[in-house]
Undergrad: 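There's a structure below that I have some questions on.
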Amino acid sequence: MQQFRIAVIPGDGVGKEVIPVGQRVLEAAVAQEAQLDWHLFPWGSDFYRQTGALMPPDGVEQLRRFDAIYFGAVGDPPHVPDHVTLWGLLLPIRKQLDLFVNVRPIRLFPGIRGPLRDKGPEDIDMIFVRENTEGEYAGVGGRVHVGTPHEVALETSVFSRFNVERVVRFAFELARSRRKHLTSITKSNAQRFGMVLWDEIVQEVARDYPDVTVTSLLVDAAAALMVRAPERFDVAVGSNLFADILTDLGAALMGSLGLAPSANLAAAPGVPSLFEPVHGSAPDIAGRGIANPIGTVWAGAMMLEHLGLTDAARRILRAIERLTNEGKVLTPDLGGTATTEQVGKRIIELLDA
Ligand code: GGG
């Protein structure tokens, strides 16, 4: 039987509730073919309160020896500022492991009524490729004259040719494996350096993919089009910030932020990729046992697929579709009354239904 070493970081808030459910579903799905050796890392805001840091100084190095990382959520406002939690845990992991793309599928599951009443599952089926290590999240900037009326803060975006090209190339490859349409999203009329470079690189790389049609959109137009005509999107590629925002919009089109998964993929072989729900720690519902675990379970399925356990991954997706289609065991964000645990249990029952 194959064995995989998985680092588990439940993190904060509802991350601690959805990750154990995800682990149980994954174990049930792979039971016949693989063993998942989980190693729990209790990092996050509690760890910060005990030690003054979100993870140990060698935390990212500790993660390198695993086959994959299963991550919950980070954030404990108002107790720890959000920029401290994000920059103390998730962003250093993405950057130091060079997890260069964040793949975020968006699709309407059968039985779910999203906010777009005239759109069905065949209309809402796209994948976002988010640049994941630089752009607006480069962390370049600073503040001067702090606390005075002359205070100034700078936040510089970074777009390197090397990085944008590999992200765009990844998106073209993905588009080629699907409906062969790529939408590139920038704001290059207003952002006249980095995003103009991005547009140029898209045009250059497009020459290697004559079978893929490309549409370039400004981010504001892209947001409007996602709502007006989501069927026009197949694969979309965008910067760290823009794709982060648009995938929350996409999750809303799916019916709930709790449904959306993401895969942070490593550029180098042998480096673990990280899989997480798109949602954060949701302090408003944390501790009540009602968080939707589907985004986390789906992220786990993406992890299994990445590890080569494609049949188990497919069975999990089918079980999620059956669950939403029967519409009986759903959490309150989807109009149901079920708990996180009950949804997990039902997904397991439906694995082989
Ligand atoms: N599930 C991971 C999580 O906690 N996400 C919250 C968040 O703020 N993420 C920022 C990002 O994905 O860049």
Side-chain angles (χ1 to χ4, degrees), residues 7-23 41-48 54-55 59 63 68-106 128-139 155 157-158 163 167 238-252 254 256-265 273-286 291-303 333 340:
V8 189
I9 310 174
D12 297 331
V14 298
K16 293 182 199 161
E17 299 165 39
V18 290
I19 283 287
V21 169
Q23 287 178 271
F41 291 93
W43 300 341
S45 296
D46 290 341
F47 193 84
Y48 177 78
L54 273 287
M55 65 176 160
L63 296 174
I69 305 163
Y70 199 29
F71 189 95
V74 65
D76 189 17
H79 310 294
V80 188
D82 272 340
H83 66 275
V84 172
T85 46
L86 198 59
W87 279 94
L89 190 58
L90 188 53
L91 296 191
I93 296 174
R94 286 180 184 159
K95 285 167 191 284
Q96 289 174 42
L97 292 181
D98 196 20
L99 308 181
F100 75 121
V101 287
N102 191 325
V103 179
R104 295 184 159 193
I106 292 164
F128 263 78
V129 175
R130 171 187 179 190
E131 188 284 304
N132 211 32
T133 54
E134 52 175 43
E136 306 88 343
Y137 284 40
E155 190 93 40
S157 298
V158 173
N163 189 50
V167 171
S239 68
N240 214 330
L241 180 64
F242 289 175
D244 189 25
I245 295 168
L246 291 177
T247 48
D248 267 34
L249 171 60
M254 289 167 65
S256 169
L257 190 51
L259 292 169
S262 82
N264 300 257
L265 300 181
S273 294
L274 182 150
F275 301 83
E276 56 172 336
V278 166
H279 67 73
S281 58
D284 54 331
I285 56 162
N292 190 337
I294 293 178
T296 304
V297 170
W298 188 359
M302 293 172 85
M303 178 167 79
D333 54 311
T340 311

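One-based numbering, in listed order, for ligands and for the atoms of each. The basis for the numbers below is simple: all heavy atoms, side chains too, and nothing from hydrogens, waters or symmetry mates.
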Undergrad: Backbone, side chain, both or neither: what part of H83 comes under 4.0 angstrom of ligand 1, heavy atoms only?
TA: neither
Undergrad: Does ligand 1 have any atom sitting under 4.0 Å from a heavy atom of G72?
TA: yes
Undergrad: As a check for students: among R94, H279, E276, identify the option with a heavy atom nearest to atom 12 (O) of ligand 1.
TA: R94
Undergrad: Please list the nearest protein heavy atom to atom 6 (C) of ligand 1 with its residue and the distance rounded to 0.1 Å.
TA: G280 CA, 3.7 Å
Undergrad: Does F71, backbone or side chain, put an N or O under 3.5 Å from an N or O of ligand 1?
TA: no
Undergrad: Taking only heavy atoms of R104 into account, list the atoms of ligand 1 that are under 4.0 Å away from them.
TA: 12 (O)
Undergrad: Short list, please: which atoms of ligand 1 are under 4.0 Å from a heavy atom of V74?
TA: 3 (C), 4 (O)
Undergrad: Please identify which atoms of ligand 1 are closer than 4.0 Å to at least one heavy atom of L86.
TA: 9 (N), 10 (C)
Undergrad: To the nearest 0.5 Å, tell me how far Y137 OH sits from E155 CD.
TA: 10.5 Å
Undergrad: Short question: side chain of S273, backbone of A68 - any donor-acceptor pair under 3.5 Å?
TA: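 Checking the backbone N and O of A68 against the side chain of S273, no donor-acceptor pair under 3.5 Å is found.
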Undergrad: Among side-chain atoms of D76 and Y48, is any donor-acceptor pair under 3.5 angstrom?
TA: no
Undergrad: Spell out, as yes or no, whether a donor-acceptor pair under 3.5 Å connects the side chain of T340 to the backbone of A291.
TA: yes
Undergrad: By number and element, which atoms of ligand 1 are closer than 4.0 Å to a non-hydrogen atom of P277?
TA: 1 (N), 2 (C)
Undergrad: D12 side chain to G75 main-chain N or O, any donor-acceptor pair under 3.5 Å?
TA: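 Checking the backbone N and O of G75 against the side chain of D12, a donor-acceptor pair under 3.5 Å is found.
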Undergrad: Between E131 (side chain only) and T133 (backbone N and O only), is there a donor and an acceptor less than 3.5 Å apart?
TA: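 Confirmed, E131 side chain pairs with T133 backbone.
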Undergrad: Rounded to the nearest 0.5 Å, how far apart are CG of D333 and CG of L257?
TA: 9.0 Å
